[in-house]
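Working notes for the structure below.
In what follows, chains carry the letters A, B, and so on, assigned in the order in which the sequence lines appear, proteins first and then strands, with residues in each chain numbered from 1.
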Amino acid sequence: MDGLFLIFLSSGLFLGWSLGANDAANIFGTAVGTKMVKFRTAAAISSIFIIIGAVFAGSGASRTLNELGEVNTLAGAFMVALSAAVSVYSMVKSGIPVSTSQAIVGAIVGWNFYAGKSTDYGILSQIVSTWIICPVLSGIIAIGLYFCIRRLIRKSHLHLLRQDSYTRIGLILAGAFGAYALGANNIANVMGVFVDSSPLKPITFSNGFTLNASQLLFLIGGISISVGVATYSHKVINTVGISLMSMTPVIAWIVVISQSVVLFLFASQGLQNFLQSNGLPAFPLVPVSSSQAVIGAAIGIGIAKGGRDIHWPLLGRIALGWITTPVISGILCFISLFFLENVFNQMVYAD
Amino acid sequence: MFHIKVSMFSQTRNLENKIDQFHDKLLEVSMNFKKAVRTFLSERRSDDYRRISKQIKNTEHEADRLRREIEAALYSQNLIPDLRADVLHLVENIDKVINKFDEVTHNFYIERPEIPEKFHAPLITLCDLSSDCAENLAIASRAFFRDLSSVRDYSQKVYLIENESDTSSAHLRSAVFDTDLPLANKLQLNLLIREVADIADIAEDCVDELLIFTIKRDI
């Protein structure tokens, strides 16, 4: 691993850090916000499971991003990731949960424009369609779960304290599953653009266990996400956990499960193979936004409860972020590539 | 991990028991209060009355101890963070009802009021209504922890009984002032009747809050 590679990879690591700071809130935000799980516990569990998901199930969504734009030089990949990271970071600073997926897609399209490469509009429309499907699906799952859980609680006559204990365990398990799904789905955003230009070689451990080059890259990305979770996610957690809507811990659990299932559906190669082998329509492996999934779930529950608890102005601000993030990221990438190529004499794309 | 889980559930079970015992104390004090009033009216300040009055005092002390333990456990184990304040409030409200039973029983003991024979039956009725209010509060509050759908039913009973108790107390007080008893006696009886009726009023206030807590508890 040479020094230049590390310098270029730094933007991806920064993006990973931003993703961790931003998206951990979607997994454990509600649980920490309602004080059911301590931040330390949440950070430790998410870090471990994000890395596992990234290393062992991160390749599917990453392949789709490469089909959108094969960023074929390290310098180009550096700038694509940096533009996305700066866009996300600026949003995170203002406490708005934003979409890293949209930032990276915007940046890749910006790179395509700059490099004169054609953008695969089939893939782009597939990705963009998931931006709509993801929150809608998450909302539908949340509505279904809400009614099931409410019925279960009312019928079971479980003591409040016992219910509290089960909810606590449920939140930790759901958080672990959410972290795994986030790592599997969103590592593509962090390291996907580096896959084609990475000089990393596979590593075989003494016990025969092998990590291929992409997995190694995803491991590094996973660690950077974990650092983001540990160091900066608290601020966004406060937004998701407290401001979005008044959530009870049980509702928090439903929200986390709903978004985790959606992220898993769009990341699992095994599930895709299973559905295809049985002649069923499969979910495309696309990096989707966990922020959108959470908000979709929160709106779903709000609708199920009669639409009283939704904080519409905040949702409006978040929706504005969805539109502006890819646009800002794309424009930033295009302009920065120009400077990187003409001022710093770096090759930002290869013919 | 297994050990942590087991210990968490045993702590929870322990606290569940304490909350149940706390509700039992309200039922116990209410039953003893009915007995105490009947004993006072038939035997005045007899040994029997003293014994029942002491029992009520002991129950009140035990309820105080349980309340403190419940409050400490809820905070030290960081349980039900979203509803903790409501549960603490509920427990404190129920404790106020228990305290009122003790206070009224003690007042009978200290003041030794002269109660004419014709007021015995209506006073027993009033005391029974107040006790019924408290008992239904205990059931409603217990249901808050296990069976939300029943809270409303028992709360409704508290409202109805409290209404009856208000009417009954007004009639009794009016009847007291219609007698030829000395004014000091009338005032003393009036105060005691109001104190008995207060038990139902406090129970009603508890139920008002309990219904709000129930809405918050439902997902």
(request) Determine the option with the most heavy-atom pairs under 4.5 angstrom with chain A, choosing from B:Asp218, B:Leu74, B:Ile19. (result)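 Highest number of heavy-atom pairs under 4.5 Å: B:Asp218.
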
(message) If I measure from the heavy atoms of chain A, does B:Leu79 come under 4.5 Å with its side chain, its backbone, both, or neither?
(response)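 Contact with chain A is through both the backbone and side chain of B:Leu79.
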
Quick one: side chains of residues 36-51 of chain A, donor-acceptor pairs under 3.5 Å with protein atoms, not counting sequence neighbours, listed by atom name and distance.
unit_1	atom_1	unit_2	atom_2	d
A:Ser46	OG	A:Ala42	O	2.4
A:Ser47	OG	A:Ala43	O	2.7

(message) With a strict 4.5 Å heavy-atom criterion, list every residue of residues 146-163 of chain A that contacts chain B, or say none.
(response)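 Those residues of residues 146-163 of chain A which have a heavy atom under 4.5 Å from chain B are A:Tyr146, A:Ile149, A:Arg150, A:Ile153, A:Arg154, A:His157, A:Leu158, A:His159, A:Leu160, A:Leu161, A:Arg162, A:Gln163.
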
(request) Please round to the nearest 0.5 Å and tell me the distance separating atom CG of B:Asn78 and atom CZ of A:Arg168. (result)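 These two atoms lie 5.5 Å from each other.
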
(request) Starting at CZ of B:Arg217, measure out to OG1 of A:Thr248 and round the result to the nearest 0.5 Å. (result)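 If we round to the nearest 0.5 Å, B:Arg217:CZ and A:Thr248:OG1 are 10.5 Å apart.
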
(message) Does anything in residues 83-93 of chain B reach chain A? List residues with heavy atoms under 4.5 Å apart, or say none.
(response)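 Near chain A, by residue number: B:Leu83, B:Val87.
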
(message) Within residues 125-147 of chain B, which residues come under 4.5 Å of chain A, heavy atom to heavy atom?
(response)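 At a heavy-atom separation under 4.5 Å, chain A is reached by B:Phe144, B:Phe145, B:Arg146, B:Asp147.
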
(message) I'd like to know whether NZ of B:Lys34 has more than 12 heavy-atom contacts from other residues, nucleotides or ligands below 6.0 angstrom.
(response)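 More than 12 within 6.0 Å, yes.
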
(request) Kindly check if the number of other-residue, nucleotide or ligand heavy atoms within 6.0 Å of NZ (B:Lys54) is above 12? (result)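 Open: at most 12 neighbouring heavy atoms sit under 6.0 Å from NZ of B:Lys54.
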
(message) Quick one, A:Asp164 and B:Pro81 - any side-chain contact, counting heavy atoms below 4.5 Å?
(response)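 With C-beta onward as the side chain, the pair touches.
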
